[in-house]
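Lettering of chains follows the sequences in order, A, B, ..., and the numbering in each one begins at 1.
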4 protein chains.
Amino acid sequence: MPRDHEKESAVPTTDGSDTGGTARHMRADARRNQEKLLAAAAEVFVGSGVDAPIRQIAARAGVGMGTIYRHFPTRSDLVVAVFRHQIEECAEAGPRLLSEAGSPFTALQRWIDLFVDLLVTKHGLAQALQSDNSRFAPLHAYFLDRLQPVATRLLDAAAEAGEIRPGIHPYELLRGIGNLCIGHDDDPRYDPRRLITLLLQGLRRP
Amino acid sequence: MPRDHEKESAVPTTDGSDTGGTARHMRADARRNQEKLLAAAAEVFVGSGVDAPIRQIAARAGVGMGTIYRHFPTRSDLVVAVFRHQIEECAEAGPRLLSEAGSPFTALQRWIDLFVDLLVTKHGLAQALQSDNSRFAPLHAYFLDRLQPVATRLLDAAAEAGEIRPGIHPYELLRGIGNLCIGHDDDPRYDPRRLITLLLQGLRRP
Amino acid sequence: MPRDHEKESAVPTTDGSDTGGTARHMRADARRNQEKLLAAAAEVFVGSGVDAPIRQIAARAGVGMGTIYRHFPTRSDLVVAVFRHQIEECAEAGPRLLSEAGSPFTALQRWIDLFVDLLVTKHGLAQALQSDNSRFAPLHAYFLDRLQPVATRLLDAAAEAGEIRPGIHPYELLRGIGNLCIGHDDDPRYDPRRLITLLLQGLRRP
Amino acid sequence: MPRDHEKESAVPTTDGSDTGGTARHMRADARRNQEKLLAAAAEVFVGSGVDAPIRQIAARAGVGMGTIYRHFPTRSDLVVAVFRHQIEECAEAGPRLLSEAGSPFTALQRWIDLFVDLLVTKHGLAQALQSDNSRFAPLHAYFLDRLQPVATRLLDAAAEAGEIRPGIHPYELLRGIGNLCIGHDDDPRYDPRRLITLLLQGLRRP
DNA sequence: CATGAATGAGGGTTCATTCAT
DNA sequence: AATGAATGAACCCTCATTCAT
């Protein structure tokens, strides 16, 4: 009887109301597995990229492949889940820095530092964001939904304070910094932070 | 990324003495084939990326797959050959701009414009450079061998003229700009040139 | 590099002009393989049905799986190719019997005998025809395109000769007989020919 | 058809003494579950065939998969249970028709009508009976055990009354009619009843 | 007892690479 | 020298069946 495929992807644990990709009421073993899985996927993504074979992730987690498909019907669901925590933390840091730091520009600098940490620590994240493969669209969307508003607010504050020239679009900045972080670990001669510092310099009101 | 059957390639047509990947004494038909191949590969790389199936390139060129393997034993050899012309032109423009332009910094700006053209026109080039896949190492090497000295000279001249602050490493600049060019065509909201302008602003001596 | 599937199915050797699924101008080894493949598929279809794993057919033929996909992009292409000869022979017998036999009804009886041979010898054919799986639609189509006109002519002749009552639809008859042939070999107690004889009896003008 | 993990099943609920697959002394909830299950399975069988995934049936019934396995250790057990009622009714109609109808042949005709209803209404039944998959052997067995004697009695009566020619085997008739019912709903051009009428015509004494 | 999570064999498909023609 | 047929490893994904909870 027809094996006619179909795929809908529900990202079931991504409804925005929970705090990190693990459902509240879940059998203990299932939750344990999900955690093992996320940890394993994170490691594998760093080592072999976000396109690593499902088998490899399953093996690393010590579970069957089916378990991955159960928890994360599409690869994107897994990728999003893996990076959700990190993205969340970064997003939350924005407003806090704005209220704590001496000036909006300082807050912006510090937040971008965190943003770079996010991309640099998790090699796979930058790769996935950069990939034009449509299967990472949901990650893209989640990433921007969460972080672009934060960047917008920081840039607006700095612009209002007259510290930077207006006109830079938050999306462009995030994406540019994201791009600069690609391949940071391939080569000791390349340190994205130095370039990002220059970029921010270029942004300051003369 | 797993499908990495690794093969030590010699990039045989890249010995620096010839002018573009086509040996001087070659049967007419073989040369014709090479040219068809390079043209086809260039088109395919733009459309489907540098990881496009060999078959697709062969089909577009109207030759057999074996012919590709004969002329370009590894994928990297083909990629290098495809981009060699463009890289060469860009490299040669450096000294010329330095002697023509009003100031070293202006020369630098103009040269970077050309460099960006190179990466932006040829979607596949940026992709290949960015890829951490070891099979593109030869392209990487060729690219840097040829362009880094040019960038060095331009930066040194501008630094000596006191137009920019010293300390930026040419490699880092090239790579950064290369990264910024990634994905330029996915999204109309993202224009790498605006960011590169900011970067150069940040480089100027205050 | 997007793995986005697509499938078009060209049934390349089935253009109606050749006489049995093997192209005229074909490398010797390729033709040999195609023949091995058809033979192997025929055997496997009998033993394991037309849904047998591609791997199994490849193994039996002593070729790689890719070879099957090259020659027969879809399963249906293979199935059609396997049964094409037989269907063709059966179709051609119709007019001949009509001119040779003593009466149209006798011709009809004999032709149906051949038709039953076709379905009974090739266990897989009946199975495939019966399957509601859409992937066998091309087989269905080919089968009917070729045989329904033959049946129509025989029935019309017998009706005109007043030997059978009119009104039976050729499609219905073929399909019914096809159905009766299902499972003929599971059980010695069941002989479709006896029932088919009854059916033809029932068709005779009283 | 390969996925045949074969399992010797006992069709535990089919001991002939109970009235429909539900044990007499059973906890109320268990019985409720069984009924939900049978209803769900019947619906799914019609829609997706008797090879539908267990999950799908479980979901439709609103129970876990384990519950299905508990009540019906093998798929065949479930299939038998689903069709048991219908088969039973059909079997019981035989003697009644024989005593009510004007002649044995009329009784036979009417009974076969009911028999066709059975197969045509329940798409899955014909499919399962036809399948050569050994896992449906128990269904086969049950089906014949119950209905063949009925058919025998009707045929014998008609033969004794001189209405039909002798010699047709009841098994063959049932099976033939079963086969004719296959695919009745795929195609409006095909109506098994017309053919079955012909078959019975052919059976009449001249 | 019921649930449904986990397992993993099994089948489909692609495509780099080799090598007969 | 060119061709493109053949190979088969490597991926993907589904779902029957078991068994922890």
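- Each of dT7(F), dG11(E), dC12(F) was ranked by its minimum atom distance to the side chain of V63(C); first place goes to dT7(F).
- Taking every heavy atom of both residues into account, G49(A) and Q127(A) meet most closely at CA-OE1, 3.0 Å.
- Place G62(B) and I54(A) on DNA chain F by their nearest nucleotides, and G62(B) ends up nearer the 5' end.
- Between N33(C) and K36(B), the residue anchored closer to the 5' end of DNA chain F is K36(B), taking for each the nucleotide with the nearest heavy atom.
- If you check every strand for non-hydrogen atoms under 4.0 Å, R75(D) touches sugar and phosphate atoms only.
- In secondary-structure terms, DNA chain E builds stems of at least 3 consecutive Watson-Crick or G-U pairs, each pair having both distances under 3.5 Å, at E:2-21 with F:2-21.
- Taking the side chain as every heavy atom from C-beta outward, Y142(B) and F83(B) never approach each other to under 4.5 Å.
- Rounded to an integer number of Å, the gap from I57(B) CD1 to dA16(E) C1' is 12 Å.
- Contact annotation: the side chain of N33(A) approaches that of K36(A) to within less than 4.5 Å [non-hydrogen atoms, C-beta and beyond].
- Between Q130(A) and F136(A), every side-chain heavy-atom pair lies at or beyond the 4.5 Å cut-off.
- Per the geometry, CD1 belonging to I68(C) stands 14 Å off P belonging to dT14(E), to the nearest Å.
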Test side-chain contact (heavy atoms from CB on, under 4.5 Å) applied to V79(A) and F45(A), step by step: CA-CA 9 Å; V79(A) 172; F45(A) 286 169; 3.7 Å; yes
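- Nearest nucleotide to the side chain of M65(B), out of dT18(E), dA2(E), dT18(F): dT18(E).
- Set against dA16(E), dA6(F), dA2(F), the side chain of T67(C) has dA6(F) as its closest nucleotide.
- Tested against R75(C) for a side-chain contact (heavy atoms from CB on, under 4.5 Å), the candidates V50(C), L139(C), I54(C) yield a single pass: I54(C).
- In this structure, I57(A) and P53(A) have side chains that are not in contact, with every pair of non-hydrogen atoms separated by 4.5 Å or more.
- The interatomic distance linking L37(D) (CG) with dA2(E) (C1') rounds to 11 Å, in whole Å.
- The two residues H140(A) and L129(A) make their nearest non-hydrogen contact at CE1-O, 2.6 Å.
- Distances shown here put a side-chain N or O of H71(A) below 4.0 Å from the OP1 or OP2 atom of dA6(E).
- Checking dC15(E), dA2(E), dG11(E) against the side-chain heavy atoms of P53(C) singles out dG11(E) as nearest.
- Taking atom CG of L78(C) as the reference point, atom P of dT13(E) lies 12 Å away to the nearest angstrom.
- Between the OH atom of Y69(A) and the C1' atom of dA9(E) there is a distance of 15 Å, rounded to whole Å.
- Remark: the R55(C) side chain and the dG12(E) base include a donor-acceptor N/O pair separated by less than 3.5 Å.
- Counting to the nearest Å, the P atom of dC15(F) and the CG atom of D51(D) are 11 Å from each other.
- Put simply, CD on Q56(B) is 17 Å from P on dG4(F), counting in whole angstrom units.
- The interatomic distance linking R31(C) (CZ) with dA6(F) (C1') rounds to 18 Å, in whole Å.
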Shorter than 3.5 Å, N or O on both sides, protein versus nucleotides 19-21 of chain E: list them out with atom names.
none

Using the salt bridge (Lys or Arg N to Asp or Glu O under 4.0 Å) rule, take R135(C) and D51(C) through it: C-alpha gap first, then chi angles, then the decisive distance, then the call. CA-CA 10 Å; R135(C) 77 178 137 186; D51(C) 284 319; 3.1 Å; yes
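- Tested against H71(C) for a side-chain contact (heavy atoms from CB on, under 4.5 Å), the candidates L37(C), L78(C), L38(C) yield a single pass: L37(C).
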